[in-house]
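A quick write-up on the structure given underneath.
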Amino acid sequence: MNKKQDQTEIRKDKLIKLRDSGIDPYPHSFENRIDAADALGMKEGKKLRVCGRVMSRRIMGKSSFVHIKDVSGQIQIFMAVDKLGKENYALFRDTDIGDFIGVEGDLFVTRAGEKTVMAETFIVLSKSLRPLPEKWHGLKDVETRYRKRYLDILVNPESSKILKARSIITASIREFLECRKFCEVHTPVLQDIAGGAAARPFKTLHNVYNTELYMRIAPELYLKRLLVGGWERVFELGTNFRNEGLSAMHNPEFTMLEVYAAYTDYTFMMNLAEELIKSVAAVMKEKSFPVSEDILGRWDRKDYWQLLKTHTGEDFSPEITYEEAKQKADKLNIPPGKDSLEKILDRIFSHYVEDKLSAPTFVTGYPSSASPLAKQSPDNPMIAERFEIFINGSELGNAYSEQNDPEIQKKVFLKQAGSNTPVDEDYIEALEYGMPPASGLGIGVDRLTMALTGAETIREVLLFPMLKPLNADSRE
RNA sequence: GGGCCCGUAGCUCAGCUGGUAGAGCACCGCCCUUUUAAGGCGGGUGUCGAGUGUUCGAACCACUCCGGGCUCACCA
């Protein structure tokens, strides 16, 4: 079998042929080019340089049409032997779909009415060695789309659009907060105590200190140290890591926005959160994303206990005892197991209430026992000054008046301390120096992106969602 | 981790009751100077996810493993 059948082998042969004729298949630059969208806006007869990846070819003997794609879109190129010369036209015939090329020529309009560049010269900018996914059906295989995201964003415009939405969203978040004098900071990702949330952390090892470290599960405790230091308005937009299962709503690494404002309580954060999300949503809408009117309209405010009552038909109040909760869980077919009171309530809430909260809703009245870093309500110590934000039945954010009493905080920490969560004495010490009253807000940026783009799984808004690593044998 | 479903050509997918694979796009050869899912003629390029078993014979049946999807569980 002399005949090369494999598409990659055929392309490699073309690469060798290019090199043998003294052409660099990977030149360093292509200067003075304009992008496809700008080119299409220009007048007929204009000479210009465009470049991009060959996406389709229509070869008709001595002339051919190709479409090239750049970040702005696509533009058609006309390659004709009497414009390019025999040698260059032959060179063009060896280009494949997927190759990057650069072209110079005049703009003209074809019989069919499409603005097209009449190539006078053309150059290979990067030879592609593998065939691209099919032009018409695109790339559908979910696993390949996630593992080889570069192909997904290349051939599936919808994927690209949703993923790019993240950039728009983070940029608008920054703009919104910076306008309000919040200062963006970066706190440690590697922490010796993984605090600020309750989740199993990833462990890692620092060689020089020969010590175990944890990937952060939340930046919260570091950000509040900054409040101690006198920085009144800070925010961090960064990755958290939680060593837990994956689902349509969960990825082990995810992006969190945390915002803190000194001298405010959770009512301030409620307004800020609503304004923030609405302002981002407005930007998205402007960019023609299908933002639901619910988000731009009036947001509901509902009480945790009232919601439990409404959706279970059972009577719930902050004064509920462990035994009562257990009985209700039983009645509601929620196996209580060895769960604590707040965990049982949380389970019932998740099962009966969360998916009903489709319009944007602030839920308040959470039990203090489930809110260790929050201040209690002055009216009822069983209740925390806290709210969560729900949109489309998913928990999008969490906020509270921050606990700044070092003694209460320490007691709570001691009560919760276990092998996974040792007491962060250094944080308590910081509070002992004095932290101003403050409120804090956390928003899951991935979930916010889902809500604003209509993505149904978190994987669609993550460029490279976590998948099980392929073992070395089956790796290409 | 449990349950259900899926894995066939580079891509998108067919493949019946078990008889050793097929289409479109892509690719290869020839023709073609305004095409655009270009067209015409000719050509399947495959470790049917992997392995074991049942069988005269396995893409198909059974079991194990690998990877994926949905779902449940886990998840302050």
Side-chain angles (χ1 to χ4, degrees), chain A residues 1 3-11 13-14 55-67 74-84 89 96-98 108-114 116 118 128-148 151-152 155-156 195-200 217-218 220 242-250 252 335 337 339-343 345-347 349-351 366-374 384 386 388 395 398 400 412 416 418 420-421 442 456-457 459 465 467-471 473-476:
Chain A
M1 275 266 237
K3 201 174 152 196
K4 291 279 177 65
Q5 306 282 17
D6 182 73
Q7 295 191 38
T8 298
E9 290 306 315
I10 292 163
R11 286 168 179 236
D13 286 348
K14 288 178 179 171
M55 298 307 286
S56 63
R57 311 195 300 161
R58 289 167 295 283
I59 293 174
M60 303 162 297
K62 295 187 176 62
S63 77
S64 305
F65 287 96
V66 304
H67 270 102
Q74 299 205 3
I75 187 164
Q76 184 167 254
I77 311 294
F78 184 61
M79 304 275 193
V81 68
D82 48 10
K83 264 296 194 211
L84 280 171
Y89 189 75
D96 291 298
I97 290 176
F108 76 107
V109 176
T110 64
R111 231 178 252 168
E114 180 167 351
T116 300
M118 173 84 71
S128 162
L129 299 180
R130 289 175 184 263
L132 254 34
E134 203 228 358
K135 60 181 169 186
W136 195 244
H137 298 94
L139 179 62
K140 286 190 176 168
D141 182 81
V142 175
E143 184 178 358
T144 311
R145 285 186 47 231
Y146 295 157
R147 287 198 196 276
K148 301 185 182 176
L151 294 179
D152 184 35
V155 303
N156 296 330
R200 219 180 325 162
I217 55 175
E220 174 156 356
R242 298 186 181 177
N243 207 337
E244 286 158 8
L246 289 74
S247 77
M249 299 306 299
H250 300 85
D339 292 331
S340 60
L341 168 60
E342 57 273 14
K343 184 66 208 168
L345 292 172
D346 183 51
R347 234 181 245 283
F349 191 87
S350 299
H351 191 267
Y366 283 89
S368 300
S369 57
S371 317
L373 297 162
R386 173 184 176 190
E388 290 208 348
E395 182 193 331
N398 184 19
Y400 32 82
V412 172
Q416 308 241 329
N420 280 335
T421 53
E456 292 193 349
T457 147
R459 290 168 171 188
L467 295 174
K468 199 162 178 172
L470 298 170
N471 64 46
D473 289 337
S474 56
R475 198 170 284 170
E476 282 184 62

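None of the values given here were measured: they were computed from a predicted structure. Every chain is numbered from 1, with letters handed out A, B, ... down the list of sequences.
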Would you measure the distance from the P atom in B:U17 across to the matching atom in B:A62 and give it in whole Å? 14 Å
Figure out the CE/P separation between A:Met249 and B:C75, and round it to whole Å. 18 Å
Using a cut-off of less than 4.0 Å, is there contact between a side-chain N or O of A:Arg242 and OP1 or OP2 of B:A76? no
A:Arg200 side chain vs A:Glu244 backbone, donor-acceptor pair below 3.5 Å: no
Just N and O in the side chain of A:Lys14: are any of them under 4.0 Å from OP1 or OP2 of B:C28? yes
Please figure out whether A:Phe78 or A:Ser247 has its closest RNA chain B nucleotide nearer the 5' end. A:Phe78
On RNA chain B, nearest-nucleotide positions of A:Thr110 versus A:His250: which is more 5'? A:Thr110
Donor-acceptor pair, distance only, cut-off 3.5 Å: does the side chain of A:Ser371 make one with the backbone of A:Pro367? yes
Donor-acceptor contact present, side-chain A:Tyr89 to main-chain A:Ser63, <3.5 Å: yes
Rounding to an integer number of angstrom, what distance separates B:U55 and B:C60 when you compare their C1' atoms? 13 Å
In whole angstrom, give me the gap between the C1' atoms of B:A26 and B:G10. 7 Å
May I ask you to verify if any side-chain N or O of A:Arg57 is less than 4.0 angstrom from the OP1 or OP2 atom of B:A38? no
With rounding to whole Å, what would you report as the distance between B:C65 and B:C25 at their C1' atoms? 34 Å
Can you check whether A:Arg58 has a side-chain N or O nearer than 4.0 Å to OP1 or OP2 of B:U35? no
Looking only at N and O atoms, is any donor in the side chain of A:Glu114 or the base of B:U34 less than 3.5 Å from an acceptor on the other one? no
Which nucleotide in the set B:C75, B:C28, B:A26 lies at the smallest distance from any side-chain heavy atom of A:Ile10? B:C28
Watson-Crick or G-U wobble partner of B:C25, both distances under 3.5 Å: B:G10
Nearest-angstrom distance from the residue atom CZ of A:Arg11 to C1' of B:U45: 15 Å
Tell me which nucleotide among B:A76, B:U35, B:U36 gets nearest to the side chain of A:Pro372. B:A76
Kindly point out which of B:U33, B:G10, B:C27 is positioned nearest to the side chain of A:Val81? B:U33
When you check the phosphate oxygens OP1 and OP2 of B:A76, does a side-chain N or O of A:Lys343 lie under 4.0 Å from one of them? yes
A:Gln74 CD to B:A37 P: how many Å, rounded? 12 Å
Just N and O in the side chain of A:Arg200: are any of them under 4.0 Å from OP1 or OP2 of B:C74? no
Check for a donor-acceptor pair, side chain of A:Thr116 on one end and backbone N or O of A:Glu114 on the other, with a separation under 3.5 Å. yes
Is there a donor-acceptor pair closer than 3.5 Å between any side-chain N or O of A:Arg11 and the backbone N or O of A:Arg130? yes
Taking the same atom, C1', in B:A14 and in B:A21, what whole-Å distance lies between them? 11 Å
B:C75 - base-pair partner by Watson-Crick or wobble geometry, distances under 3.5 Å: none
Under 3.5 Å: donor-acceptor pair, side chain of A:Asp96, backbone of A:Gly98: no
Distance in angstrom units between A:Asn243 CG and B:G1 P, rounded: 14 Å
Rounded to whole angstrom, note down the C1' distance from B:C31 over to B:G18. 45 Å
Look at the side chain of A:Arg386 and the backbone N and O of A:Ala370, then say whether any donor-acceptor pair between them is shorter than 3.5 Å. yes
Of the nucleotides B:C74, B:G10, B:C70, which one has an atom closest to the side chain of A:Gln7? B:G10
What is the distance from NZ of A:Lys62 to P of B:C30, rounded to the nearest Å? 13 Å
Of B:A37, B:G68, B:U34, the nucleotide closest to the side chain of A:Trp136 is B:A37
Identify the nucleotide, in any strand shown, that forms a Watson-Crick or G-U wobble pair with B:C61, with both distances under 3.5 Å; if there is none, say none. B:G53
Kindly point out which of B:C74, B:A76, B:G10 is positioned nearest to the side chain of A:Pro131? B:G10
Where the side chain of A:Arg111 is defined as all heavy atoms beyond and including C-beta, which of B:U12, B:U35, B:A76 is the nearest nucleotide? B:U35
So does A:Asp141 reach the base of B:U12 with its side chain, donor to acceptor, closer than 3.5 Å? no
Has A:Lys468 got a side-chain N or O lying under 4.0 Å from the OP1 or OP2 atom of B:G67? yes
